[in-house]
Amino acid sequence: MWRRSASFILDERRSSNSPPMADTTRGGPFQNPDAISAYYQTRAAHHGVITSDWLAQAQAAVGGVSGEEQTVSPAAESGADKTFNVIEEFNGWRKQPDLAEAVAAIRALAAVIRASEATTMMELEIELKKASDTLKSWDKTSISLTAGCDLFIRYVTRTSALEYEDFNSAKSRLLERAEKFGEISCKARKIIAMLSQDFIFDGCTILVHGLSRVVLEILKTAAQNNKLFRVLCTEGRPDGTGVLLANELSKLDIPVKLLLDSAVAYSMDEVDMVFVGADGVVESGGVINMMGTYQIALVAHSMNKPVYVAAESYKFARLYPLDQKDMAPALRPIEFGIKIAAKVEVERSARDYTPPQYLTLLFTDLGVLSPSVVSDELIQLYL
Amino acid sequence: MDPRRVPLAVPKVRRVGFFTSIEPTPEPQRPNRSQSGPVEAATSSSPLSDSPSGNFISPVQIPPSRHHSDNLTSRAAPVPVPGPAAFRRHLAHDRSLHVGSYNPADSLLGTSPPSSNGELSEDSGSLFGFQRSDSAKLSSSFPNGGFDLTMAVRAPQEFESKIATVPASEGRKKTAEVSGKSESAVTTKAQKEKEQKSLKEKTTKAERRAIQEAQRAAKAAAKGEGSRRVDDSGRAKPGKATKQPQVKKEGLPVTSSVSEKKTVVVEKEKRMDVPQTQMQYDDKSRVEKAKKRAVVEQTESKNKVELFLHLPQYERGNQLPNLSSNIFTLDTIHHAVYKVGLQHLAGDISGDNARCIAMLQAFQEAIKDYTTPPMKDLTMDLTAKINGYVSFLIECRPLSMSMGNAIRFLKNQIRKLPVELSVSEAKASLCSDIGRFIEEKIVTADKVIVKHAVTKIRDGEVVLTYGFSCVVEMILLYAHEIGRKFRVVIVDSRPNLEGQRLLRRLVSRGLDCTYTHINAISYIMRDATRVFLGASSIFSNGTLYSRVGTACVAMVANAFSVPVIVCCEAYKFHERVLLDSICSNELGDPDAIANIPSRANMKRSKTMENNKNLQFLNLMYDSTPSEYISMIVTDYGMIPPTSIPVIVREYRREHLLL
């Protein structure tokens with residue numbers, strides 16, 4: 001784009017420039033081995049196992065805090081062994097489909113505190129920091145993981161507990177806070193679902209993109225409240241998440257229509273509002289979400305339809321992308337069905353960035369926010 | 001999820017806008033020769049911001065007579081496009097410079113004493129040595145007699161006052177009286193004392209008026225009509241009539257039941273938070289008053305643009321030689337402050353950070369040399385002194401927002417001095433406070449900004465920048481240092497041509513640069529992938545206040561959907577709201593835009609010179625609405641323009657108290 005004008009052709013030739021895509025540095029024991037974004041792998045795995053069991057678990061997580069969070073994690077049980085590994089712990093939690101990645105990370109970090117053998121506050125803090133760094137570097141593409149870790153550290157360490165004389169009481173205080181944070185994160189979805197009910201009115205048509213657990217929860221709650229509405233689901237290529245969501249909704253007797261991703265503009269005039277989830281909410285108030293969200297937001301904006309984003313507050317990240325390429329790319333495999341010639345390049349990025357001016361409101365567990373408030377909240381959280 | 005936060009999902013009630021700070025009343029209240037404050041005679045107390053110059057502290061305040069524009073001419077006329085030799089010399093000089101243009105070493109160069117050689121200065125030719133001959137020559141080459149006549153027609157009062165001041169200052173002026181004009185004078189001491197007396201009288205008058213106003217407001221009857229006073233100057237001036245009462249009314253009606261004394265105190269506190277109104281220069285009577293106590297006497301320019309009458313606009317003067325010869329004879333103003341003031345006047349120091357640092361360092365020096373006179377309180381006396389300095393600086397050139405914030409900080413610091421401190425301890429603590437302010441709010445802030453902003457320059461980027469901003473310069477140099485491959489497009493504009501300074505520095509470091517003028521912006525914007533801009537100030541509504549032309553660049557960038565990144569230290573944020581570029585702005589020297597450098601030796605034709613129908617408008621700043629700004633990089637990280645009020649709200653206290 002920036003080489004369009006003739007005057008710079010010479011520059012182009014002079015600088016045999018390397019591809020601008022800055023690759024993440026490889027190496028490190030806990031690096032995710034594949035180039036494929038772990039975040040999307042997890043999601044794919046979860047989506048594959050949507051069953052009644054999945055629903056039951058989701059229900060349990062949503063309907064108050066079930067017993068599971070009291071249960072000590074398997075790794076922590078055998079926590080006596082010295083090689084306590086955050087990643088293993090994290091992966092253990094991550095297996096549970098209803099748990100968001102960030103919540104899994106929060107649980108894992110709480111387990112770190114529990115298993116810690118540190119004797120001073122400073123030591124514990126350093127240990128925690130190290131664990132969160134490991135987690136973060138394990139999957140650099142996941143925004144909510146990074147944000148969740150950062151928030152956890154902030155929340156846990158920013159307390160008067162650090163002034164306790166007795167280390168053990170300080171540690172238990174930290175643990176308490178860690179538990180509380182995990183609890184809050186778990187309840188977030190329920191809160192969001194409740195907050196959003198005022199926006200769903202009888203007879204409305206809602207366009208949904210991708211499979212977001214928060215959005216599903218919102219729709220489910222609305223159905224339970226006997227609201228009459230219709231949902232249009234996009235297909236959600238390449239992993240077909242929209243199809244999964246449609247199936248899910250049909251089980252709840254919500255009228256659903258499945259669309260091609262490319263049919264969004266075609267059907268936008270019958271839509272009353274757009275609901276999307278988010279992988280991350282950034283400082284500007286924009287969201288990073290599954291590929292296609294930006295497109296839908298643009299179409300909706302041009303047709304004056306409201307775009308609502310449902311996102312838990314642990315997805316708030318101190319990032320500020322200026323444009324689509326200004327993020328670490330999260331790659332994923334794409335199946336086209338037809339054989340593609342070797343020379344054809346495939347855009348494999350899994351997500352895009354939607355600038356705040358195309359969003360109407362954000363439903364978060366902090367309340368219903370306009371995009372500009374996100375930065376306000378972030379400044380308060382982080383500074 | 002934060003200790004500060006009440007339980008989640010509980011709606012928070014946040015105070016929005018200008019809420020009063022719950023600040024303990026300033027314990028020892030000091031009498032002040034306040035000019036416009038409605039001070040009760042009994043209490044005779046007034047917070048700092050009420051003092052005469054306190055009135056002007058508010059950054060946007062545009063103050064008594066002064067004029068800065070000669071720097072423009074002096075720079076634009078002799079060196080706008082330096083010849084090859086000059087260019088080389090600059091280059092050689094530049095190489096030895098540090099990255100930041102304002103860093104102490106650099107600004108020290110700028111503060112070289114009047115006698116020193118022009119070589120030292122970045123903008124050579126505007127140093128006193130040159131300036132002296134320069135301005136004298138210029139003034140003599142533009143006979144102004146006719147102008148004064150035209151002005152007498154337009155503004156008889158002003159003219160009279162000028163005549164009145166002539167005899168007093170005549171003795172000193174002989175040397176520079178070539179043009180026979182009455183500008184450039186330092187008022188004699190006797191005169192000054194007299195002025196102060198008259199000032200006091202007026203103060204009480206103002207007070208009485210203020211109280212009257214307040215009572216009227218409390219009645220709330222026929223508000224709009226009632227508060228409008230008949231202005232004695234021929235021109236009806238709605239600006240003053242409405243503005244002044246507004247400030248006062250805010251505090252009073254609520255607490256009118258409380259005792260008189262308390263009312264005043266509460267109101268004082270409120271007033272400190274309420275941005276002060278700026279002096280309106282089309283208000284004759286106030287201008288007269290301001291003129292009387294002015295140290296720097298300036299001549300109003302004649303053909304003013306109608307829309308900008310409320311801003312001070314002066315002829316480029318020949319007063320500088322006089323002023324600079326007075327540097328050690330003047331005892332009311334410390335010589336360091338005096339020097340900085342003259343440098344502002346001459347344009348030797350430009351750029352917000354550099355000006356602010358120079359001012360703070362001068363204050364530091366002044367405080368070091370300060371001794372409390374017998375029978376006086378340090379906080380009281382020092383504040384009065386600082387006020388005097390500030391109003392002098394304002395006369396030289398209107399303060400920028402950042403300087404206003406810095407002065408607010410300093411005054412707060414003085415006010416907070418513990419009573420038990422000895423004079424030397426107090427002085428030491430103030431000096432270190434000032435040093436800390438410079439270090440934390442400017443130097444460190446810039447480092448943080450550079451760190452953040454450099455992440456937005458990737459390989460293959462084309463960065464466009466406008467004019468000269470030292471932070472942007474630091475960012476570009478740092479990005480180059482860490483090996484990013486990018487190109488820079490420098491967009492510049494007449495008459496200051498500040499971009500050339502940036503160009504020289506970048507090219508000398510081996511960056512790939514393109515230099516163009518703003519006329520080509522729509523063409524060159526195609527190539528750009530990022531626009532980096534500096535800022536003079538950013539207001540609560542996200543409006544960017546910066547060098548004139550910035551808005552144009554930002555809008556074109558927006559049209560090409562190129563992200564606009566503004567780099568600005570948080571101490572430059574201001575809680576006011578700005579909607580246009582008219583209300584507060586600064587007028588430069590009109591001659592600077594009238595003169596074409598390549599034809600500098602040609603005499604301007606008579607039609608240009610003395611034409612009533614021809615008005616030159618040389619605006620110094622403009623305002624960019626927030627929707628054209630993609631991101632603001634500050635010391636608190638990268639934030640959207642909508643978050644300025646958040647920073648102001650969360651950190652204002654910290655800014656002031658540090």
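Each chain gets a letter, A, B and so on, in the order the sequences are listed, and its residues count up from 1.
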Among all residues two or more places apart in sequence or in another chain, which pass the side chain to side chain contact (heavy atoms under 4.5 Å, CB included) test with B/S626?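 B/S626: side chain to side chain contact (heavy atoms under 4.5 Å, CB included) contacts with B/P641.
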Please list, chain by chain and in numerical order, all residues satisfying side chain to side chain contact (heavy atoms under 4.5 Å, CB included) with A/P356, sequence neighbours excluded. A/S284, A/Y353, A/P371
Heavy-atom proximity to chain B below 4.5 Å, by part of A/P321: backbone
Is chain B contacted by the side chain of A/D326, its backbone, both, or neither, given a heavy-atom distance below 4.5 Å?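 Interface part for A/D326: both.
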Under 4.5 Å, counting heavy-atom pairs only, tell me which of A/M194, A/K325, A/K180 racks up the most with chain B. A/K325
Expected output: side-chain B/T529 to main-chain B/V462 donor-acceptor under 3.5 Å: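 Yes: the side chain of B/T529 pairs with the backbone of B/V462.
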Got B/R530 and B/I457 here, is their nearest side-chain heavy-atom distance under 4.5 Å? no
